[in-house]
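So the structure is just underneath, and the comments pick up after that.
Values reported hereafter were calculated over all heavy atoms of this structure, with side chains retained and with hydrogens, waters and symmetry mates removed. We count ligands from 1, going down the list as the structure has it; atoms in each ligand are counted the same way.
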Amino acid sequence: MRKVSVMLKEAAMKALVYHGPGRKAWEDVPDARVRDDTDAVVRVETVTICGTDLHILKGDVPEVADGRILGHEAVGTVVSVGDGVKTIKPGDRVLVSCISACGHCRFCREGRFGQCLGGGGWILGYMIDGTQAEYVRTPFADTSLYKIPAGVSDEEILMLADILPTSYEVGVLNGRVAPGDTVAIVGAGPIGLSAILSARMFSPGHVIAIDLADARLEAAKSFGADLTVNNGRVDAVEFVREVTDGLGADVAIEAVGVPPTFELCTELVRPGGRVANIGVHGHPATLHLESLWIKDITITTGLVDTYSTPTLLKLVAAHQIEAARFVTHRFALGEIEEAYEVFAGAADTGAIKVVMSQA
Ligand SMILES: NC(=O)c1ccc[n+]([C@@H]2O[C@H](COP(=O)([O-])OP(=O)(O)OC[C@H]3O[C@@H](n4cnc5c(N)ncnc54)[C@H](O)[C@@H]3O)[C@@H](O)[C@H]2O)c1
Ligand SMILES: [Zn+2]
Ligand SMILES: [Zn+2]
């Protein structure tokens, strides 16, 4: 019998790979494949870029290793699953969320998936390869992927991968926004704009958007802020006091991630009010306890858990939240490097969310 030797060539796909601060490339990498029996592999059909990806590229998130595929948001179709996956099936159209959940640990049992101790939490595009690729391996598929109802577009669902649950949970729910409240939102990027949309669901008295960029304030108006302040020109604390009979905002939501905006939020809030911090901070901020101790202020912080994703999915499917309006620019998946330029230059390009699609 004749012996035939076959050279097995490793299959390759394209992905956006991080190569240390300031360096990334759209290049060939080995195909994503099932490794653990709870994994699924998803063909990425729409994917977006997060402000956090820009932080990683600047070198602000040193845990991200050279060679890591970036991205933690996607919508796609399941192509394969491990033997232990029970509810997700090949062919399912799914949302890949920024947070994965083992489903079993103490924090997952409480719905605090962001704090998962069993290997979940924020891992995609951070500790393991992410979604800015033709295919992505998603751990804990049954407890981390969300099947998508019919009648909703990929783009709308994609906004549920990060910005909508983040602003809703860490901003609006942590800040306990209630009917009639004056809500001051500092930062009108995708997270702040999304906080405006979700704060509106609670019939606030005023939503005041505060930003340094006029283009962002224009967007804030169209997302439902009834008042806007450019704090480069106007004293935001004075402005909010005038609107609230000298008291201050009931809720101040921090959606930037730098010390001055956190400190501003603690000045904007009324006695007994709430400061909900969403921003990812790289530097210490000053907590002015010498003036705050007497004011009964509540300050909350948090990484998104995505416990609200099923609720938000229903609201998006019922068109109660117009999620597609975040998308300002569209690209083919192979044009992702250009998409990064447009997203990083938001002040000039007016980008809010950029979406890349694979036909
Ligand atoms: N906690 C979480 O789980 C979580 C999840 C996702 C994102 N985030 C964080 O939320 C923050 C906002 O995200 P984004 O994508 O909207 O960011 P972004 O950079 O797109 O937007 C920030 C906005 O803040 C404005 N700004 C900057 N400095 C300001 C100042 N001094 N005063 C007023 N406005 C100012 C900018 O003009 C911009 O419009 C980031 O820190 C991001 O990392 C947190
Ligand atoms: Zn993100
Ligand atoms: Zn867990």
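Given atom 43 (O) of ligand 1, the protein heavy atom at minimum distance is Val280 CG2, 3.3 Å. Among protein heavy atoms, the minimum distance from atom 3 (O) of ligand 1 is reached at Val304 N, 2.9 Å. Among protein heavy atoms, atom 44 (C) of ligand 1 sits closest to Ile278 O, 3.1 Å. Protein heavy atom at the shortest distance from atom 19 (O) of ligand 1 is Arg216 NH1, 5.0 Å. If you check which protein heavy atom lies closest to atom 29 (C) of ligand 1, you get Leu212 CD1, 3.5 Å. From the protein, the heavy atom lying nearest to atom 23 (C) of ligand 1 is Asp211 OD2, 3.6 Å.
Between the Trp293 side chain and the Lys295 main chain, no donor and acceptor come within less than 3.5 Å of each other. Between the side chain of Arg200 and the main chain of Gly224, a donor-acceptor pair closer than 3.5 Å is present. Without hydrogens or angle criteria, Thr138 side chain to Ala40 main chain gives a donor-acceptor distance under 3.5 Å.
Taken together through direct or relayed side-chain contacts under 4.5 Å among Ile, Leu, Val, Met, Phe, Trp and Tyr, Leu264 and Ile185 form parts of separate hydrophobic clusters. Residues Ile128 and Val94 share a hydrophobic cluster, clusters being chains of Ile/Leu/Val/Met/Phe/Trp/Tyr side chains in contact below 4.5 Å. Residues Phe107 and Trp122 do not share a hydrophobic cluster, defined by chaining ILVMFWY side chains whose heavy atoms lie under 4.5 Å apart. In the hydrophobic cluster analysis, where Ile, Leu, Val, Met, Phe, Trp and Tyr join through side-chain heavy atoms closer than 4.5 angstrom, Leu333 is grouped apart from Val79.
Side-chain N/O atoms of Thr77 and Glu45 include a donor and acceptor closer than 3.5 Å. A side-chain donor-acceptor contact under 3.5 Å links Thr87 and Asp142.
In terms of distance to the Zn ion (ligand 2), the nearest N, O or S atom of Asp162 is named OD2.
Between Gly279 and ligand 1, a contact under 3.5 Å exists for no N or O pair. For ligand 1, the polar-atom distance check finds no N/O of Gly187 at less than 3.5 Å from any of the ligand's N/O atoms. For ligand 1, the polar-atom distance check against Asp162 finds no nitrogen or oxygen pair separated by under 3.5 Å. On a distance-only criterion, Ile191 and ligand 1 share at least one N/O pair closer than 3.5 Å. Considering backbone and side-chain N/O of Gly192, none are found under 3.5 Å from N/O of ligand 1.
In summary, the atoms of ligand 1 found under 4.0 Å from a heavy atom of Thr166, numbered by their order in the structure, are 2 (C), 3 (O), 4 (C), 5 (C), 6 (C). The contact set between ligand 1 and His55, taken as ligand atoms under 4.0 Å from a residue heavy atom, comprises 43 (O). For ligand 1, the atoms closer than 4.0 angstrom to any heavy atom of Leu303 are 3 (O). Heavy-atom proximity to Asn231, at under 4.0 Å, picks out these atoms of ligand 1: 32 (N), 33 (C).
Thr131 and His72 get closest at one heavy-atom pair: OG1-N, 3.3 Å. The two residues Ser144 and Ser97 have their closest heavy-atom pair at O-CB, 4.3 Å. Scanning all heavy atoms of the two residues, the minimum distance from Ala199 to Val177 falls at O-CG1, 4.2 Å.
Within the 4.0 Å cut-off (strictly below), a protein heavy atom is located near atom 39 (O) of ligand 1.
At least one N/O/S atom of His72, whether from backbone or side chain, sits less than 2.8 Å from the Zn ion (ligand 2). For a distance bound of 2.8 Å, the N, O or S atoms of Asp53 include none lying that close to the Zn ion (ligand 2). With a cut-off of 2.8 Å, the Zn ion (ligand 3) has an N, O or S atom of Cys108 in range.
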For this session: Run the numbers on Lys24 and Gln132 for side-chain contact (heavy atoms from CB on, under 4.5 Å), then give the verdict.
Result: CA-CA 12 Å; Lys24 62 175 170 359; Gln132 290 167 8; over 6 Å; no
Exercise. How far apart are the C-alpha atoms of Glu73 and Thr48, what are their side-chain angles, what is the distance that settles it, and do they pass the side-chain hydrogen bond (donor to acceptor under 3.5 Å, both in side chains) test?
Worked result: CA-CA 6 Å; Glu73 304 161 271; Thr48 181; 4.9 Å; no
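Note on ligand 1: Val258 sits outside its first shell, no heavy atom being nearer than 4.0 Å.
Closest heavy-atom approach to atom 15 (O) of ligand 1 among the candidates Pro190, Ala213, Gly189: Pro190. Relative to atom 31 (N) of ligand 1, the option among Ile99, Thr261, Asp305 with the closest non-hydrogen atom is Thr261. Across the listed options Gly171, Ser194, Gly51, Ala255, Ala255 owns the non-hydrogen atom lying nearest to atom 22 (C) of ligand 1. Of the listed options Val256, Val229, Asp53, Val256 places a heavy atom closest to atom 24 (O) of ligand 1.
Within a 6.0 Å sphere centred on NE2 of His104, other residues, nucleotides and ligands contribute 12 heavy atoms or fewer.
Residue His281 does not touch ligand 1, judged by heavy-atom distances below 4.0 Å.
Of the listed residues (Thr300, Thr298, Asp181), just one forms a side chain to side chain donor-acceptor pair (under 3.5 Å) with Arg274, and that residue is Asp181.
Around the Zn ion (ligand 3), the angle linking Cys105 (SG) with Cys116 (SG) is 120°, rounded to 10 degrees.
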